[in-house]
Amino acid sequence: MSRIRKRLAITRRLPEAVLARAVRDYDAVLNDDDRQLDADALVTHIGKADGALVCITDRIGRNVVEALAPEVRIISTFSVGTDHIDLEAARERGIRVGNAPHGVTIATAEIAMLLILGAARRASEGEALMRAGAWTGWTPTQLVGRRLDNRVLGILGMGKIGQALARRARGFDMAIHYCNRRRLDPSEEQGAVYHESFQSLCAVADVISLNAPSTSETRAIVNAATIAWMKPGVIIVNTARGDLVADDDLIDALASGRVGYAGLDVYQGEPRVDPRYRGLANTFLLPHLGSAAVEARNQMGFEALDNLDAFFDGRSLPFPVA
Ligand code: DGY
């Protein structure tokens, strides 16, 4: 790279290969002990860097954006989601924002499939039994779950991750239905049945997978009223964002059995998790592992760096969001 080395603030510890490229090409300011930075600490850490490579744990609200030094001209996030960044505030300050849209796709679809399987086949209950040393042997009625074949998988949000999940679920002989802002082309649909409304999707789905970003339309889309549209005993899985679910309503429905099982990878206000989820036997809980595969994390980092490289070379951002 021939341009003058730029100063890049990196807010969390990155995968080795990503870090190696970052320190090769930038004067990197690192967060060596990988602590989560609050607003003040973020502003101090980013300081007078020319750009920042941030993560979903960095809450870059208007307060942070407005406190950044004028030297900071680009923020690139190691994530597809951008709900942790106030994009409007960044636009107003003339700070470009880019994301990493492709790296997460397959890894997150795999985790959604894992949650569906784990919920349908009661994996967490079985695992808990084994870890407690409490298994007394096979019985015809022990931890009997449900098969997935010929069940309807209802996908809310048929973007790249939703489509990757559909491809995997077809391998389990599930019928795919989806609700999305726009109907896909038949070539992308691959026989999946389109629903214009979430209500009509809920009415037919045995399993509902949330794969939509957090927006004003999707926040708390799983709530008491929408649960009432769903089939009794429905399985709900969430690999998108915790705030798509109204926790009180889902927890009540799980406790009553109205919702049969929930497989959750993301939580409102994470890493805090509503402790009632842990107390329910019919939950399968993971700690936001959607993108936690080495291939995904490397690609996410490279995509985030591609934005920065392009910006400082005077090219268009490959993955612009603001
Ligand atoms: C993302 O990229 O937004 C994911 O939530 C990270 O796992």
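Start at 1 and go down the list; that is how both ligands and their atoms are numbered. If you're wondering where the values come from, they're calculated on a predicted model, not measured in any experiment.
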Checklist entry - If you draw a 6.0 Å radius around CZ in R5, do more than 12 non-hydrogen atoms from other residues or ligands fall strictly inside? => result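 More than 12 within 6.0 Å, yes.
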Item to check | Evaluation steps, side-chain contact (heavy atoms from CB on, under 4.5 Å), between Y267 and R272 | outcome: CA-CA 8 Å; Y267 307 87; R272 190 194 62 82; over 6 Å; no
Next on the checklist: Looking at R12 and D34, is there a salt bridge between them, counting it only when a charged N and a carboxylate O are closer than 4.0 Å?
Outcome noted: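 Looking at D34 and R12, the cut-off is met.
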Checklist entry - Does the distance from a Lys or Arg side-chain N to an Asp or Glu carboxylate O, for D306 and R21, drop under 4.0 Å? => result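 Between R21 and D306 there is a salt bridge, with a charged N closer than 4.0 Å to a carboxylate O.
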What atoms of ligand 1 come within less than 4.0 Å of a heavy atom belonging to [X]?
| X | result |
| --- | --- |
| H288 | 4 (C), 5 (O), 6 (C), 7 (O) |
| V104 | 2 (O) |
| S291 | 6 (C), 7 (O) |
| S79 | 1 (C), 2 (O), 3 (O) |

Checklist entry - Any N/O of M300 closer than 3.5 Å to an N/O of ligand 1? => result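 No, since none of the N or O atoms of M300 sits under 3.5 Å from an N or O of ligand 1.
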Item to check | Heavy-atom nearest option to atom 1 (C) of ligand 1, drawn from V80, T57, D83 | outcome: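 Heavy atom nearest to atom 1 (C) of ligand 1 belongs to V80.
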Checklist entry - How are the rings of H102 and F319 set to each other: parallel, tilted or perpendicular (split at 30° and 60°)? => result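 Answer is perpendicular, since the angle exceeds 60°.
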Checklist entry - Nearest to atom 3 (O) of ligand 1, what protein heavy atom do you find, and at what distance? => result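 In this structure, atom 3 (O) of ligand 1 has R241 NH2, 2.7 Å as its nearest protein heavy atom.
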